[in-house]
Amino acid sequence: MTTTAANHHLSPAFPGRAPWGTANKLRAWQEGAMAKYIQEQPRDFLAVATPGAGKTTFALTLASWLLHHHVVQQVTVVAPTEHLKKQWSEAAARIGIKLDPEYSAGPLGREYHGVAVTYAGVGVRPMLHRNRCEQRKTLVILDEIHHAGDSKSWGEACSEAFDPATRRLALTGTPFRSDTNPIPFVAYEEGDDGIRRSSADYTYGYGNALADGVVRPVIFLSYSGQMRWRTKAGDEIAARLGEPMTKDAVSQAWRTALDPRGDWMPNVLRAADQRLSEVRKAIPDAGALVIASDQESARAYAKLIREITGQGATLVLSDDSGASQRIDDFSKSDDRWMVAVRMVSEGVDVPRLAVGVYATTISTPLFFAQAVGRFVRSRRRGETASVFVPTIPTLLTFANEMEVERDHVLDKPKKGGEEDPYAEEDKLLAEAEKQQDEDTGEDDQLSFEALESDAVFDRVLYDGAEFGMQAHPGSEEEQDYLGIPGLLEPDQVQMLLQKRQTRQIAHSRQKPAAEADLVELPAERRPIVTHKQLLELRKQLNSLVGAYAHQSGKPHGVIHTELRRVCGGPPSAEATAGQLNERIKKVREWATRMR
């Protein structure tokens, strides 16, 4: 590949540099990253590109350039899973680089340019790979390098194995971890706040990729509903998904929703299948994926899909050779559904996946980003992705922050007395190092018994905005959103969602009495908040009422009563976040008038 000075200074998004969809040309960001690498010739290079943007193509093009110019003599690719290891060797073969995906020890066959291995494989035999790097000039490609950040095992092994490498190329779509262990071969820079953060050499985020048409826009469809469960102590608890609850209650309500014996999962799977049918009108081979928490649930979901659709689902239960073949077969077919368990989602690279159901209780930003990354790979302009999620505050926050770029933070601010917010991700990343077979750790969770669940269409989240009013499954209002065309430009998605919501608000005035139990407010006026955030809103309202009482001479109780009369709703202790925000706004307005 050749580069020119003029080419180097063009923006990565410049449309003339790499026309969208041309298979024989690099995309603009790939060309920009190549130009930077070739100009600087660094030993270590960290490329951060959103899932689906084409990290593999960039890395293999760079490998080809380095081999051609005799900078290196061989290539080692390190991937998170057996399946991805094989995908790397297949992709490399297409551009003339032969990688052995079955390599375990000894000399490499003369026909190969290198090997493709897993982090687990390097962890078992780091000295084998160190010796290979010492014997010949080696380029090491570290795919999804955030997996190498655990200093106790994989990270330590990678440091030992690849310290002598001539060149190291680190790739990730999610360059952040929950812990403060440095990721090998990644540079960290200290900010003005004294905190060290990972520093990428080239970044191509979801927002840029979306603007360039490289990835699909993601429409999140959120479902709420009433949950009922029995605690270990024998108490029966009922709550609605999305209502402010304690952390334990959120966890148990969430698990109740995902229980295949309730009504929530069948209704959401039915809605997702309808959405898939709509998408397949424009994308005939579009597929759908359920990401499950454990094998038992995955089997039950596959059974539900057969009952709903009349067709079986491909079941991917573990990262073994059989699972890899099933993923390959599904990728090449036009079958509708696949069900996978937990961490397998990162190894599932099936570009035709366009509909997803997030049916796991993992609530970390890293896993969520990787899971959504399974659906964003775009093959032609206008394709959209649809992901169904439960109305859980943390998930909706992640959905609204799709375009936020994160760095790995080495120094976490210490806050006395607060529980570690990163504990769940620490545990998840520890599990990533183990064989994901039968033991999923579900038994260690707080004991409870799911009793019943129902589903309510809650809202659509797109590009940081929220649309829709609550609707029963199968209702005309729900169908409005499930029937959005599968081929749309990002701005058309926004416009269509606004139109749908306007129509839904108009319809709500003629709803039958049977639907009076649903909240008659559009999504933007029904903010999803945590229990802690709700307490903060009440505290803020009481503080403002106190200040206004001092200013006006009226008693607190009188002001609260007047706010209820003007804004509507129950007493503050029972008011929703939206109602509290309305009252906060109103009391501020009154205080301003008195000045």
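Any value given below was found using the heavy atoms of this structure, including those in side chains, with hydrogens, waters and symmetry copies removed.
Side-chain contact between L482 and Q479 is present, with heavy atoms from C-beta onward closer than 4.5 Å. Two residues are said to be in side-chain contact when any heavy atoms from C-beta on lie closer than 4.5 Å; L544 and R588 meet this criterion. Residues F467 and R500 are not in side-chain contact: their nearest non-hydrogen atoms beyond the backbone lie 4.5 Å or more apart. In this structure, D212 and R27 have side chains that are not in contact, with every pair of non-hydrogen atoms separated by 4.5 Å or more. Counting only heavy atoms from C-beta outward, the side chains of L395 and P390 approach each other to under 4.5 Å.
Taking A359 as the reference, L258, M265, V290, Y301, V357 meet the side-chain contact (heavy atoms from CB on, under 4.5 Å) condition, with sequence neighbours excluded. In terms of the side-chain contact (heavy atoms from CB on, under 4.5 Å) criterion, residue partners of L451 (sequence neighbours excluded) are, by chain and number, R228, R230, E236, E449. Checked against side-chain hydrogen bond (donor to acceptor under 3.5 Å, both in side chains), W264 has no partners two or more places apart in sequence or in another chain.
Under the 3.5 Å distance criterion, the side-chain polar atoms of T50 are left unmatched by any main-chain donor or acceptor of A53. At least one donor-acceptor pair closer than 3.5 Å links the side chain of Y481 to the backbone N or O of Q501. Between the side chain of T256 and the backbone N or O of Q252 there is at least one donor-acceptor pair closer than 3.5 Å. Remark: side-chain polar atoms of S453 are paired, donor with acceptor, to backbone N or O of D263 under 3.5 angstrom. Formation of a donor-acceptor pair under 3.5 Å by the R459 side chain with backbone atoms of G468 is not found in this model. Of the possible donor and acceptor atoms, none in the side chain of R216 sits under 3.5 Å from a partner among the backbone N and O of R380. For R538 (side chain) and S572 (main-chain N/O), a donor-acceptor pair under 3.5 Å exists by modelled atom type. Side-chain atoms of S543 do not come within 3.5 Å of backbone N or O of K539 as any donor-acceptor pair. In this structure a side-chain-to-backbone donor-acceptor pair under 3.5 Å is present from T397 to P393. With hydrogens and angles disregarded, a donor-acceptor distance shorter than 3.5 Å links the side chain of R374 to the backbone of Q370.
Pairing each heavy atom of S293 with each of T361, the nearest pair is OG-N, 3.2 Å. Nearest heavy-atom pair, H472 versus S475, reported as atom, atom and distance to 0.1 Å: O-OG, 2.7 Å. Contact detail for V350 and F330: the closest heavy-atom pair is CG1-CD2, 4.2 Å. Contact record, A272 with W337: CB-CH2, 3.7 Å, taken as the closest heavy-atom pair. Of all heavy-atom pairs spanning L487 and E383, the tightest one is CD2-N, 3.6 Å. The two residues P51 and V376 make their nearest non-hydrogen contact at O-CG2, 3.0 Å.
Note that CG of D463 and CD1 of I219 are 11.0 Å apart. Values are rounded to the nearest 0.5 Å. Here CD of Q470 is found 12.0 Å from CD of E477. Values are rounded to the nearest 0.5 Å. We find the OG1-CG distance between T231 and D248 to be 10.5 Å, quoted to the nearest 0.5 Å. Here CZ of F368 is found 12.0 Å from CD1 of I362. Values are rounded to the nearest 0.5 Å. Rounding to the nearest 0.5 Å places CG of D259 at 10.5 Å from CE of M227. Here E243 contributes atom CD and T391 contributes atom OG1; the two are 11.0 Å apart, rounded to the nearest 0.5 Å.
Between E589 and R593 a salt bridge is recorded (basic side-chain N to carboxylate O distance below 4.0 Å). For the pair E562 and R565, the salt-bridge criterion is met [side-chain N within less than 4.0 Å of a carboxylate O]. A salt bridge links R503 with D480: at least one charged nitrogen is closer than 4.0 Å to a carboxylate oxygen. Residues R526 and D458 are paired through a salt bridge, judged by an N-O separation under 4.0 Å between the basic side chain and the carboxylate. A salt bridge between R275 and E278 is absent, with no side-chain N of the basic residue lying under 4.0 Å from a carboxylate O of the acidic one.
Note on ring orientation: taking the six-membered ring where Trp is involved, the planes of Y223 and F457 are perpendicular (angle over 60°, cut-offs 30° and 60°).
Counting non-hydrogen atoms of other residues, nucleotides and ligands closer than 6.0 Å to CD of E489 gives a total above 12.
No side-chain N or O of Q274 forms a donor-acceptor pair with one of E478 less than 3.5 Å apart.
For F220 and Y358, the distance between ring centers is not under 6.0 angstrom.
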For side chain to side chain contact (heavy atoms under 4.5 Å, CB included), just list the numbers for R336 and R280, CA-CA rounded to whole Å, side-chain angles, deciding distance to a tenth of an Å, and then say yes or no. CA-CA 9 Å; R336 292 172 72 91; R280 282 170 77 104; 3.7 Å; yes
